[in-house]
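Have a look at the structure below, then the notes.
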Amino acid sequence: MTQNHPRPRTDAPSPLHPLDNPARSSLTGPHAHFAERRGRILRYPADVTPWLALPDAPDAQDWADVAALAGPGGSVALAAFQEPPPQDWEIAFRAEGVQLVDASVDAAPDPEAVPLGPRDVPEMLDLVARTRPGPFLPRTVELGTYLGIRRGGALVAMAGERLHPPGWTEISGVCTDESVRGQGLASRLVLAVAHGIRERGETPFLHASASNTGAVRLYESLGFRLRRRTEFLSALVPATLPSADGTRRPSLR
């Protein structure tokens with residue numbers, strides 16, 4: 001007689017290292033208050049960050065729930081996740097990445113760094129639009145501490161916190177205006193953000209594009225070491241999805 005085994009709870013702890021599925025570790029941990037849920041699928045609100053979190057080994061129902069959340073033709077962003085989407089999902093973007101962790105970072109506060117908050121978001125978005133460090137949205141600043149450096153009153157550099165697996169915090173949004181590049185502002189802000197993370201008893205980590213060798217060398221020079229290679233991708237929900245009898249049905253919200 002066949003036994004029915006219940007699916008794991010949406011918030012069941014993962015047996016993997018927290019950084020192996022960092023978006024899920026965050027949304028089932030310190031960022032649980034951000035989580036939007038359907039079945040075992042979790043995601044951040046669309047104006048916070050685009051990352052969506054699947055279980056470590058997603059099944060067909062999980063992908064159907066992803067499709068229902070995103071809607072037909074919707075884009076699904078996966079951060080540092082190893083499982084590929086189903087074959088009939090179009091890959092819109094794929095990039096090889098590296099995950100780096102604090103090994104010997106000489107973290108320290110910076111006297112010129114100032115906290116950034118909701119009132120600074122228009123300037124932060126403008127800086128991001130010019131420098132393109134990665135996804136930064138109107139409510140991304142709510143994910144953690146953001147620090148900036150101003151010159152003549154204008155925001156010219158920033159860095160902050162994004163994913164937050166238990167015991168770890170990701171440094172992200174590192175960017176510097178072209179007019180002040182080469183002055184070490186990004187390095188100083190990374191060390192200042194890392195200092196705040198360490199003060200909480202947590203460990204800094206970060207992601208970078210594997211092709212951005214200059215940034216990777218910079219982070220390694222600051223005391224980060226490679227933990228693993230990974231990838232970032234976005235996939236498009238197909239207009240129809242297979243049903244249990246093999247026919248196709250529309251992917252509905």
Side-chain angles (χ1 to χ4, degrees), residues 6-58 61-71 74-81 83 99 101-102 115-122 124-125 128 133-148 158-174 192-207 230 232 234 253:
R7 302 173 90 216
R9 284 166 47 96
T10 301
D11 57 355
S14 168
L16 303 179
H17 190 284
L19 299 190
D20 288 345
N21 192 348
R24 187 167 190 83
S25 298
S26 300
L27 287 169
T28 57
H31 281 174
H33 59 289
F34 286 110
E36 297 178 350
R37 302 168 182 255
R38 184 182 177 99
R40 300 195 302 173
I41 305 305
L42 307 174
R43 70 173 178 181
Y44 286 93
D47 57 353
V48 174
T49 193
W51 307 122
L52 178 142
L54 290 94
D56 299 327
Q61 182 58 55
D62 293 321
W63 286 108
D65 288 337
V66 172
L69 276 174
S75 179
V76 175
L78 300 177
F81 187 69
E83 290 287 332
Q99 187 181 81
V101 296
D102 176 5
L116 300 175
R119 287 185 295 182
D120 302 296
V121 166
M124 298 169 80
L125 290 171
V128 165
F136 186 91
L137 300 167
R139 291 179 57 206
T140 301
V141 71
E142 297 177 21
L143 293 176
T145 299
Y146 272 81
L147 301 177
M158 74 174 193
E161 301 174 356
R162 187 171 61 177
L163 296 178
H164 195 174
W168 301 79
T169 300
E170 180 191 26
I171 299 177
S172 182
V174 182
V193 174
H195 174 76
I197 295 169
R198 289 255 200 89
E199 287 290 289
R200 298 197 301 263
E202 298 173 347
T203 304
F205 77 104
L206 49 82
H207 292 103
T230 185
F232 295 82
S234 63
R253 286 189 183 275

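Just so you know, these numbers use all the heavy atoms, side chains as well, and skip hydrogens, waters and symmetry mates. None of these values were measured; they are calculated from a predicted model.
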Counting distance only, does the side-chain N/O of [X] pair as donor-acceptor with the main-chain N or O of [Y] below 3.5 Å?
X      : Y     : answer
Asn21  : Leu54 : yes
Ser234 : Ala77 : no
Thr140 : Val48 : yes

Euclidean distance, [Y] [atom2] relative to [X] [atom1], rounded to 0.5 Å:
X      : Y      : atom1 : atom2 : answer
Leu125 : Phe136 : CG    : CZ    : 6.0 Å
His195 : Thr145 : NE2   : OG1   : 11.5 Å
Arg40  : Thr28  : CZ    : OG1   : 13.0 Å
Leu69  : Arg43  : CG    : CZ    : 4.5 Å
Leu163 : Ser172 : CG    : OG    : 7.5 Å

Neighbour count >12 (heavy atoms, 6.0 Å) for atom CZ, Arg200: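 Yes, because the 6.0 Å sphere around CZ of Arg200 holds more than 12 heavy atoms from other groups.
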Aromatic ring pairing Tyr44/Phe34, orientation class (parallel under 30°, perpendicular over 60°, tilted between):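 Tilted: the ring planes of Tyr44 and Phe34 meet at 30° to 60°.
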Aromatic centroids of His31 and Trp51 separated by under 6.0 Å: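 No - the distance between ring centres of Trp51 and His31 does not fall below the 6.0 Å cut-off.
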So which heavy atom on [X] is nearest to which on [Y], and how close?
X      : Y      : value
Gly134 : Val128 : O-CG1, 4.0 Å
Pro50  : Leu137 : CD-CD1, 4.0 Å
Gly39  : Asp65  : CA-OD2, 3.8 Å
Pro18  : Pro165 : CB-CB, 3.9 Å
Thr230 : Ala80  : OG1-CA, 3.1 Å

With heavy-atom distances below 4.5 Å as the criterion, would you say the side chains of [X] and [Y] are in contact?
X      : Y      : result
Pro115 : Tyr146 : no
Val193 : Glu161 : yes
Trp168 : Ser26  : no
Asp62  : Ile41  : yes
Ile197 : Thr203 : no
Leu147 : Met158 : no
Leu19  : Ser25  : no

Lys/Arg-Asp/Glu bridge criterion (N-O < 4.0 Å) met for Asp56, Arg24: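 No salt bridge links Asp56 with Arg24.
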Glu36 and Leu42: CA distance, side-chain angles, deciding distance, side-chain contact (heavy atoms from CB on, under 4.5 Å) verdict: CA-CA 6 Å; Glu36 297 178 350; Leu42 307 174; over 6 Å; no
Polar side chain donor-acceptor pair, Glu202 to Thr169, under 3.5 angstrom: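 Yes, Thr169 and Glu202 have a side-chain donor paired with an acceptor closer than 3.5 Å.
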Exercise: do Glu170 and His164 side chains pair donor with acceptor under 3.5 Å: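 Per modelled atom types, Glu170 and His164 side chains form no pair under 3.5 Å.
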side-chain contact (heavy atoms from CB on, under 4.5 Å) between Asp102 and Arg198, worked out: CA-CA 10 Å; Asp102 176 5; Arg198 289 255 200 89; 2.8 Å; yes
